[in-house]
Amino acid sequence: MSGTSPVWHPFTQHALEPPMRTAVHAEGATIIDGDGNTILDGISSWWVITHGHRYPPIMEAIRNASKELDQVIFAEFTHEPAEELARGLIAVAPQGLTRVFYSDSGSTAVECGIKMALGHFHNQGIDRRRIAVVEDGYHGDTIGTMSAGERGVFNAPYDPLLFSVERLPFPGPGAEKEQACLDAFEALCRQGGMAAILIEPLVLGAGGMRFYSARVLSELARIARAHGVLVIADEVMTGWGRTGTRFACEQAGLRPDILCTSKGLTGGAIPLAATLATEEIFQSHYSTDRRKTFFHSSSYTANPMACAAGVANLKVWAEEPVQDRIDAVVAEHAARLKRFENNPNFTNIRQAGTIAALDLVVPAGGYLADCGPKLRAFFREKHLLLRPLGNVLYIMAPYCVTPAQLDRFYDGIEEGAERVLKEFAR
Ligand SMILES: *Cc1c(COP(=O)(O)O)cnc(C)c1O
């Protein structure tokens, strides 16, 4: 299907995919398409929607902000939505973060974090340029974030452009693998020249919903600290309640030097990102020497409507029982995951806060690459929006998801797996 639309969609092989549905309305945990179908959004529209689609106070804040301001060059002006959001972020973020730099996507937030870390040492005349990451990580699709992420078919064509980073083995499962990761990091730090460790706290998202322990996270930070290495927490996906707490760092008592947030920052309504940094990192860029400037900008830095949406999101967190809703979703998942324990079609049944994941057992001779599209076709037929990562099935719904809606996801996963595996068996 070559199609009549000129639109090129993200992560989409247009030669293989069915035509795109047209979204005409979104509300709560649902998206309504042009044919009038109500589709249940089990992945929060790629992990951005937290409270629900078009959450009223957030949409209202965007409308109100638009009455006064549109984009105003942020290298010349500030404005109240940006100021208020920065103050609010610092108040709720892990302690020690005192400065907020705005950009407009998770990738740019991480790029800024990497640049801040390198600039921090460069401006002090310290030779530290190496970056450590955990293998299988994902930090975005720009050249810098691809460099830090796992290499593979997704970025092979761009390989000549990607810089090298130090990769730590994934810390788990089990004490031995945890220790191997910590030992590898310690050894790297001892070699010297290490600027920062860039890490997705507790959950590798796009890497297959792989979870690791808060203890490892805090140990990695301890080692970093001992060697003067900065910790960059990529909370782009984990932030805003996904792992059960507002930020995943909280569960490890981690106080990162740099924290990147985006997806849930505006409740998913409008693009915005922030890179939070410690006072030391700001001060290493603060100088009468212009060369020490943090040379980064996006045209749409601190868009007022986006910042107002962020402020509204903070207010929702402060004034509504968001944590109770999250706790309820966590409990609902836990109850439903149990039924898969004796299902031979699944393994590695796991949960991190509001994220539930399980691996499909693909029989020998079954082609892994085939099961994803087949499952997606099945989910589409059932009006469930789920996108398996290889053989990993996961649910990451907005916090307004009802128990009945969760039942539909779990029924769909159970039935979809049965159907797809039967096809392999033939
Ligand atoms: C999605 C994601 C990013 C990239 O965010 P974009 O807004 O898509 O650029 C970075 N890091 C993590 C952990 C993510 O999940």
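As the structure is a prediction and not an experimental result, all values here were calculated from the model. Each ligand, and each atom within it, is numbered from 1 in the order the structure gives.
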field: From S105, A148, G106, P271 - option closest to atom 5 (O) of ligand 1 by heavy atom
entry: G106
message: Pairing donors with acceptors under 3.5 angstrom, does anything connect the side chains of H296 and K115?
response: yes
task: Please determine if W47 has a nitrogen or oxygen closer than 3.5 Å to a nitrogen or oxygen of ligand 1.
output: no
Pair E320 + K315: basic N to acidic O under 4.0 Å: no
statement: Quick note on ligand 1: atoms under 4.0 Å from a heavy atom of G140 include exactly 4 (C), 10 (C)
query: Within a reach of under 6.0 Å around CZ of F77, are more than 12 heavy atoms found that belong to other residues, nucleotides or ligands?
result: no
- prompt: Measuring to protein heavy atoms, does anything land under 4.0 Å from atom 8 (O) of ligand 1?
  reply: no
- prompt: Between R380 and E17, is the closest basic N to carboxylate O distance under 4.0 Å?
  reply: no
message: As a test of understanding, state which of V236, I114, L276 forms a side-chain contact (heavy atoms from CB on, under 4.5 Å) with C260.
response: V236
query: Between H120 and Q124, do the side chains contain an N or O donor and an N or O acceptor separated by less than 3.5 Å?
result: yes
- prompt: Among all protein non-hydrogen atoms, which one is nearest to atom 2 (C) of ligand 1, and what is the separation to 0.1 Å?
  reply: K263 NZ, 2.6 Å
- prompt: Counting heavy atoms not belonging to H285, are there more than 12 under 6.0 Å from its NE2?
  reply: yes
- line: closest protein heavy atom to atom 12 (C) of ligand 1 is D234 OD2, 3.4 Å
- prompt: For T145 and S107, which heavy atoms make the closest approach, and how far apart are they?
  reply: CG2-O, 3.5 Å
statement: Of all protein heavy atoms, the one nearest atom 3 (C) of ligand 1 is V236 CG1, 3.6 Å
- prompt: Is the shortest distance from a heavy atom of E235 to ligand 1 less than 4.0 Å?
  reply: no
- prompt: Which atoms of ligand 1 are found less than 4.0 Å from any heavy atom of M237?
  reply: 15 (O)
query: If you count the atoms of ligand 1 from 1 in the order shown, which ones are under 4.0 Å from a heavy atom of E200?
result: 13 (C)
message: I'd like to check whether S107 has a polar contact with ligand 1, where a contact means an N/O of the residue lying under 3.5 Å from an N/O of the ligand.
response: yes
